[in-house]
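Have a look at the structure below, then the notes.
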Amino acid sequence: MLKNLRRKTPKTLLLAVLLLAVLLFGGSFEKGEARVYIDIDSPLFQKFPLALTEFTSLEGGQALSKGQMTWFAEEIARLLDYTGYFNIVSRRVLPESEDKPFANVPRLNEWRAIGVEYLIKAGFQMIGPSLVAEFRLFDTVKGEMLMGRRYTGRLEDRRVMAQRFTNEILLVLTGERGIFDSKISFIIKENRSSDVAVINFDGSDFTKLTEMKSLTLAPKWSPDGRHLAFTSWRDGNPDLYLLDLKTREIRKLSQNRGLNLAGSFSPDGKRILLTLSSDGNEEIYSLNLENRQTVRLTNHFAIDVSPVFSPDGRQIAFVSNRAGSPQIYLMGADGGGVRRLTFEGNYNTSPSWSPKGNRIAYEGMVDGRFQIFTIDEAGLNLTQLTNDKSSNENPSWSPDGKYLVFSSRKNGRSRIMVMNANGTNARVLYEGAENSISPIWSPQPK
């Protein structure tokens with residue numbers, strides 16, 4: 001890997017910059033590609049100690065300022081800490097090293113002696129207007145480099161560089177790429193008006209997407225991440241809308257009399273589930289997005305709402321009060337084979353199917369407050385993930401199935417929270433002056 005990185009000459013880098021303009025190149029994996037070092041799904045999992053060396057300059061070109069290199073170190077440390085998988089060792093206890101030149105291999109035994117198991121080293125330079133960043137990840141216990149990456153782009157691309165390298169670290173160490181380029185959409189509510197907003201997984205780049213000037217509900221991502229469906233009373237009726245995130249164009253998908261409430265998209269993106277009340281009762285339908293034809297999936301005197309496809313598109317989880325109280329049910333994609341999933345508790349709603357297909361998250365009432373639960377599709381292995389004085393609602397899985405986002409309401413105010421899928425490491429993602437509800441995680445960008 002060291003040899004591969006050194007073969008990239010400044011001339012080659014400048015040519016790549018001219019061809020691709022922004023984040024262009026990442027070196028190939030070395031030994032770490034086929035090996036998983038951290039089993040984050042183990043019930044005995046403990047955070048792994050990780051440190052960052054003092055970042056330095058690459059030979060040639062113009063050096064970054066100390067402040068800019070410090071920013072990279074702090075940003076990568078922040079992102080890794082946010083995963084809940086690592087203990088970032090304080091820079092105040094790091095050993096003094098003789099390895100400041102980037103070409104030197106760190107003295108891994110010194111880092112291992114203070115309990116550090118993984119070490120990150122980085123070097124930077126400016127070549128004209130282009131920023132070149134090289135990152136390396138070391139295993140101090142095995143005494144080897146696991147991975148090296150080189151990125152080229154503009155200085156303003158530095159956040160994307162940090163996110164990409166962090167994603168690559170997680171791929172090497174856990175076997176699955178990180179999701180720092182994923183986003184979370186949710187509803188922000190001010191007075192009688194509410195709108196759709198979006199934010200990055202790490203809490204950066206909050207953006208308000210709509211100005212509907214009315215009650216707006218239930219954002220849902222399309223599988224390609226290009227669109228968000230939602231329901232709004234903008235024109236006086238709760239109609240279903242579709243927002244194109246590239247063009248910001250908003251158009252109506254369904255405007256039947258009564259409720260047109262967005263459910264999930266099918267995995268192939270050709271259909272969307274929705275709840276209609278045009279016949280006077282809430283029932284679940286499937287809407288073909290090409291010809292706008294609807295197919296009715298439920299036909300029951302009870303209320304049926306909140307439909308969500310399984311990852312393979314063969315099943316639908318939904319909420320019904322047909323047994324006397326709201327409970328989670330499953331049915332086939334054609335509406336057949338209905339069976340009740342939840343039996344514990346007298347108020348269970350807002351199902352969300354894990355991308356891995358093995359668990360369904362939902363909110364259930366406990367002592368007058370909602371808490372987050374998960375259950376498998378056989379109705380077994382019920383697990384309560386939250387248990388506090390807040391009301392925790394509307395869970396949604398991350399695209400890798402390792403995290404859950406949800407809204408947490410306390411003292412009349414709601415904020416957006418993220419936690420690991422086992423219920424640990426809960427942290428605030430967004431808290432503003434307005435109430436924040438109904439979060440939904442984007443698919444993994446391609």
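Residue numbers run from 1 in the order of the sequence given.
The two residues I440 and W221 come nearest to each other via the heavy atoms O-NE1, 3.0 Å. The two residues A262 and T231 have their closest heavy-atom pair at N-OG1, 3.2 Å. Residue L404 comes nearest to P395 through the heavy atom pair CD2-CB, 4.3 Å, listed as atom of the first residue, atom of the second, then distance. Closest of all the heavy-atom pairs between Q371 and T386 is OE1-OG1, 2.6 Å. Heavy-atom minimum distance, V319 versus S306: CG2-CB, 3.9 Å. Shortest non-hydrogen contact noted between V308 and L273 is N-CD1, 3.9 Å.
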Quiz item: Step by step, would you call D367 with K389 a salt bridge (Lys or Arg N to Asp or Glu O under 4.0 Å)?
Solution: CA-CA 10 Å; D367 298 329; K389 294 182 179 180; over 6 Å; no
Self-check item: Full working for side-chain hydrogen bond (donor to acceptor under 3.5 Å, both in side chains) between E117 and T140
Solution: CA-CA 5 Å; E117 296 187 22; T140 69; over 6 Å; no
Quiz prompt | Residues D81, T83; criterion side-chain contact (heavy atoms from CB on, under 4.5 Å); working and verdict | solution = CA-CA 5 Å; D81 181 64; T83 67; over 6 Å; no
Exercise. Could you give me the CA-CA distance, side-chain angles and deciding distance for S277 and N281, then say whether side-chain contact (heavy atoms from CB on, under 4.5 Å) is met?
Key: CA-CA 5 Å; S277 62; N281 188 53; over 6 Å; no
Quiz item: Hey, mind stepping through N321 and S325 against side-chain hydrogen bond (donor to acceptor under 3.5 Å, both in side chains) and telling me if it holds?
Solution: CA-CA 5 Å; N321 66 349; S325 67; over 6 Å; no
Practice problem: Step by step, work out the side-chain contact (heavy atoms from CB on, under 4.5 Å) result for I187 and V196. | Solution: CA-CA 5 Å; I187 296 295; V196 182; 3.9 Å; yes
Practice problem: Apply the test side-chain hydrogen bond (donor to acceptor under 3.5 Å, both in side chains) to residues N288 and Q293: give CA-CA distance (whole Å), side-chain angles for both, the deciding distance (0.1 Å), then the verdict. | Solution: CA-CA 5 Å; N288 185 307; Q293 297 297 308; over 6 Å; no
Self-check item: Steps toward side-chain contact (heavy atoms from CB on, under 4.5 Å) verdict (V418, Y82)
Solution: CA-CA 10 Å; V418 172; Y82 200 78; 4.1 Å; yes
Practice problem: Please assess R177 against E168 for the test salt bridge (Lys or Arg N to Asp or Glu O under 4.0 Å), listing each intermediate value before the final yes or no. | Solution: CA-CA 6 Å; R177 184 174 175 272; E168 300 285 9; 5.4 Å; no
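The ring-ring contact (aromatic ring centres under 6.0 Å, His included) pairs that include a residue from residues 305-349 are F318-Y329, Y347-F370, where partners are two or more places apart or lie in different chains. Within the structure, the salt bridge (Lys or Arg N to Asp or Glu O under 4.0 Å) test picks out the following pairs touching residues 215-233 (sequence neighbours left out): R226-D244. Residue pairs meeting the ring-ring contact (aromatic ring centres under 6.0 Å, His included) criterion with at least one member in residues 236-290, sequence neighbours excluded: F230-Y241. Residue pairs that meet the ring-ring contact (aromatic ring centres under 6.0 Å, His included) test with at least one member in residues 414-446, sequence neighbours left out, are F186-Y430, F201-W441, F206-Y430. Within the structure, salt bridge (Lys or Arg N to Asp or Glu O under 4.0 Å) contacts touching residues 375-385 (residues at least two apart or in different chains) do not occur. Residue pairs meeting the salt bridge (Lys or Arg N to Asp or Glu O under 4.0 Å) criterion with at least one member in residues 422-444, sequence neighbours excluded: R415-E431. Counting only residues at least two apart or on different chains, the salt bridge (Lys or Arg N to Asp or Glu O under 4.0 Å) pairs with a member in residues 318-344 are D304-R322.
In this structure, a donor-acceptor pair under 3.5 Å is absent between the side chains of N191 and S193. A side-chain donor-acceptor contact under 3.5 Å links T298 and E283. Checked by atom type, the side-chain pair T275/E282 shows no donor-acceptor distance below 3.5 Å. Defined by atom type and a distance below 3.5 Å, a donor-acceptor pair is missing between the side-chain atoms of D181 and Q163. A side-chain donor from one of K183 and N200 sits under 3.5 Å from a side-chain acceptor of the other. Of the N and O atoms on the side chains of D195 and T216, not one donor lies less than 3.5 Å from an acceptor on the other residue.
Under the 3.5 Å distance criterion, the side-chain polar atoms of W397 are matched with a main-chain donor or acceptor of S352. At least one donor-acceptor pair under 3.5 Å links the side chain of N435 to the backbone N or O of S414. Distance alone, capped at 3.5 Å, places no donor-acceptor pair between the N420 side chain and the G423 backbone. A donor-acceptor contact shorter than 3.5 Å links the side chain of T166 to the backbone of A162. Between the S442 side chain and the I184 main chain, no donor and acceptor come within less than 3.5 Å of each other. For N237 (side chain) and G258 (main-chain N/O), a donor-acceptor pair under 3.5 Å exists by modelled atom type.
More than 12 heavy atoms of other shown residues, nucleotides or ligands fall within 6.0 angstrom of atom NZ in K208.
N256 is linked by a side-chain hydrogen bond (donor to acceptor under 3.5 Å, both in side chains) to S254, N260, counting only residues two or more places apart in sequence or in another chain. Applying the salt bridge (charged side-chain N to carboxylate O under 4.0 Å, His left out) test to R359 and every residue at least two apart in sequence or in another chain returns nothing. R159 pairs by the side-chain hydrogen bond (donor to acceptor under 3.5 Å, both in side chains) definition with E75, not counting sequence neighbours. Residues forming a side-chain hydrogen bond (donor to acceptor under 3.5 Å, both in side chains) with T424 (at least two apart in sequence, or on another chain): N422. For D312, the side-chain hydrogen bond (donor to acceptor under 3.5 Å, both in side chains) criterion is met by S310, not counting sequence neighbours.
In this pair, F165 and Y151 present their aromatic rings perpendicular. The plane angle is above 60°, beyond the 30 to 60° band. Ring geometry for F135 versus F124: interplanar angle over 60°, hence perpendicular rather than tilted (30 to 60°).
Looking at R409 and E393, a side-chain N of the basic residue comes within less than 4.0 Å of a carboxylate O on the acidic one, giving a salt bridge. The pair D157-R154 meets the salt-bridge criterion, with a side-chain N (NZ, NE, NH1 or NH2) lying under 4.0 Å from an Asp/Glu carboxylate O. With salt bridges taken as basic N to acidic carboxylate O contacts below 4.0 Å, one links K356 and E176. Salt-bridge annotation for D279 and R296: present, with a side-chain N of the basic residue lying under 4.0 Å from a carboxylate O of the acidic one.
Counting heavy atoms from C-beta outward, I250 and L242 have side chains that stay 4.5 Å or more apart. A heavy-atom distance below 4.5 Å is not found between the side chains of V198 and D205. Proximity of N425 to M419: side-chain heavy atoms (C-beta onward) are nowhere separated by under 4.5 Å.
Across R234, Q255, K252, a single residue satisfies side-chain hydrogen bond (donor to acceptor under 3.5 Å, both in side chains) together with D239, and that is K252.
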